[in-house]
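Note that the numbering runs from 1 along the sequence shown for the chain.
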Amino acid sequence: MGKFHRHDDATTAHTHEGDHADHRHYDTGDQREEVLEEIFAENDVRANFNRAAFDSNGIRALNLMSAPGSGKTTVLQATLDELAGEFAIGVIEGDIATDLDAVKLSGRGAQVSLLNTSNGFGGECHLDAPMVNRALPGLDLPSLDLVVIENVGNLVCPAEFDVGEHAKAMVYSVTEGEDKPLKYPVMFRSVDVVLLNKIDLVPYLDADVDAYIAHVREVNPTAAILPVSARTGTGMAAWFGWLRRFVQGSSAPGAVSH
């Protein structure tokens, strides 16, 4: 799993070999479409299996995505520091290699199940449902209220795979530039909440926060947009509130918005 990606127009398929950008394009034909449909059907079956496992244990599952370096793990650290005493939280920590992020999350009151995607050739650029399924035994599901699936840093592939989550969130840093929602619309369109992170850097970047928000709104009119700084804590109360409502089952997509 994970070598192929679905697209809105179903005209091309990409395959990733390791970390490098060797993207091979294939013309769509009946046979290739059938292969892709089988691959994604397999993923969706496993995603439904994962979701059933979460549901049967009374767990809410969140797929947390971002580009590399957006501050996703820092957001998650602050989240555990705030909420791990309030809810029983499990984290599936996805990374191509190393346990660096898993180590950063340890000791913060959450169960952490590390999921490396490395296959000896560089590793996958996203998590898919079978991978997440393999990580579930690393968590004591009956004891948990919330599972956060920290996806691999990538603005393309993770959005295309249902992994069994109940909602999708993403961290979008002001250091990435205001154009990213327009360049990567599939990711921004797929999520229920966007954390616009590192707003403490706005004065040093000459960034226009309103422009960032407007571009998100162009591709996703309903997602909650929460300007935050995970480093300083600015705006994080709104994110914690969104999560509390999500865990309690009362947070609809876009329920909190800018």
Does the pair Lys183/Glu178 count as a salt bridge with the N-to-O cut at 4.0 Å? no
Any donor-acceptor pair under 3.5 Å linking the side chain of Asp206 with the backbone of Val202? no
Could you check whether Asp162 pairs with Arg51 (Lys NZ or Arg NE/NH1/NH2 to Asp/Glu carboxylate O, under 4.0 Å)? yes
Sorted by first residue and then second, give each ring pair (Phe, Tyr, Trp, His ring centres under 6.0 Å) pair with at least one member in residues 43-82; sequence neighbours left out. none
Decide, yes or no, whether a salt bridge links Glu165 with Arg60 under the criterion of side-chain N to carboxylate O below 4.0 Å. no
Taking only residues two or more places apart in sequence, or in another chain, which ones meet Asp208 in a salt bridge (charged side-chain N to carboxylate O under 4.0 Å, His left out)? none
Same cluster (ILVMFWY, side-chain, under 4.5 Å), Met131 and Val45: no
All pairs passing ring pair (Phe, Tyr, Trp, His ring centres under 6.0 Å) where residues 174-205 contributes a residue, at least two apart: Tyr172-Phe188
Side chain to side chain donor-acceptor pair (under 3.5 Å) against Asp140, all qualifying residues, sequence neighbours excluded: Ser143
Under the 3.5 angstrom rule, does the side chain of Asp192 hit a backbone N or O of Ala223 as a donor-acceptor pair? no
Residues passing the salt bridge (charged side-chain N to carboxylate O under 4.0 Å, His left out) test with Arg108, sequence neighbours excluded, are Asp81
Set of residues satisfying salt bridge (charged side-chain N to carboxylate O under 4.0 Å, His left out) with respect to Lys198, sequence neighbours excluded: none
